[in-house]
Protein chains: 2
Amino acid sequence: MQARVLSAVISQSAAPLSIHELLEAAKTEVPGLGIATVYRNIARMIAAGEINAVVIPGQPPRYERAGKPHHHYFYCEHCGRVFDLPGCVNGLRQMVPEGFRAIRHDLTIYGACRNCESHPVAHL
Amino acid sequence: MQARVLSAVISQSAAPLSIHELLEAAKTEVPGLGIATVYRNIARMIAAGEINAVVIPGQPPRYERAGKPHHHYFYCEHCGRVFDLPGCVNGLRQMVPEGFRAIRHDLTIYGACRNCESHPVAHL
DNA sequence: ATTAGAATGATAAATTACTATCATGATCAG
DNA sequence: CTGATCATGATAGTAATTTATCATTCTAAT
């Protein structure tokens, strides 16, 4: 059953995965896996609240297990990987104008990850 | 000349505008304005460094005048408008793992703007 | 084993954002 | 005015992502 494999791949990934990253990763266990099945199961898992979509501006959505503690993301502009950043920043409250109501926020830090910083390669 | 009108609309807008918001706004001055002209002029203004693209995750790009002081954005989930939030947060440095190099960051706060908070309407 | 219903994979179609093309119209130097 | 060039608007085409369709396969209860 592909649903179980897809769910396991997402749960075991340290970073959120895109549809294609998920397809490739799951193919090692289910070689014939089709992209339609990935989309179908992602939709079902989102509806069930098992996973959340993570959107890095200008990139296709990635998905990660729901229920993690509050965190943000680091996007490596060299290798295109996304890393979780535990914790949050201070002073968010002060940024919200009087009369506005803040519900949630997204923070993405861009740069080079440890690997790309120590082993420089061409940009993607 | 449409370039002048488009440039003026962006400069005078308090918030970044999408291609369609810009088209609609500029049509009040140039009724027959075509979307191709908007795309062409946006591309030229970006190349000239006059404007910057602003991407709210999951939304088409918006554009605003370049050279503003560092700021972030508030996205109203009721009316879909984007507002500038001057300033920044503290503690960004501490979120970046050892060995990673941060170059820039995006912060978007989601919620209800003053108008939608005081005059509740249906979601878009 | 049989059968009904659900899941799957391949692929067509839809959606959205953007780019290319091209005939027409504006601009301007001479 | 005249011709050259450049911008414009309409629209076709492209690219990327997502959804719909459908025949086949799998699953499970009997």
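Below, read A as the first sequence line, B as the second, and so on, with proteins coming before strands; counting in each chain starts at 1.
As rounded to whole Å, 12 Å separates atom P of D:dG9 from atom CD1 of B:Ile35. For B:Leu23 and C:dC18, the CG to P distance is 13 Å, given to the nearest whole Å. The distance between atom CZ of A:Arg4 and atom C1' of C:dA6, rounded to the nearest whole Å, is 15 Å. Between the CG atom of B:Leu6 and the P atom of D:dA7 there is a distance of 14 Å, given to the nearest Å. Taking atom CE on A:Met45 and atom P on C:dA7, their separation rounds to 13 Å, with Å as the unit. A straight line from CD1 of A:Ile42 to P of C:dT8 spans 13 Å, rounded to a whole angstrom.
For C:dC18, the OP1/OP2 oxygens have a side-chain nitrogen or oxygen of B:Tyr39 closer than 4.0 Å. Phosphate proximity of C:dT8 to A:Asn41: present, with a side-chain N or O under 4.0 Å from OP1 or OP2. Checking the phosphate oxygens (OP1, OP2) of D:dC26, no side-chain nitrogen or oxygen of A:Gln2 falls inside 4.0 Å.
Nearest-nucleotide positions on DNA chain C place B:Arg40 closer to the 5' end than the other of B:Met1 and B:Arg40.
Note on A:Glu77 versus B:Arg104: salt bridge recorded, some NZ/NE/NH1/NH2 to OD/OE distance being below 4.0 Å.
By the rule that hydrophobic residues join a cluster once side-chain heavy atoms approach within less than 4.5 Å of another member, B:Ile109 and B:Tyr73 end up as members of separate clusters. Hydrophobic clustering of Ile, Leu, Val, Met, Phe, Trp and Tyr side chains at less than 4.5 Å, counting indirect connections, keeps A:Ile42 apart from A:Ile56.
DNA chain D lies under 4.0 Å from at least one heavy atom of each of the following residues of residues 48-63 of chain A: A:Pro60, A:Pro61.
B:Val96 and B:Ala102 make their closest contact through CG2-CB, 3.8 Å (heavy atoms, listed as atom of the first residue, atom of the second, distance). Among all heavy-atom pairs drawn from B:Tyr75 and B:Gln59, the shortest one is OH-NE2, 2.8 Å.
With a 4.5 Å cut-off on side-chain heavy atoms, B:His105 and B:Cys88 count as touching.
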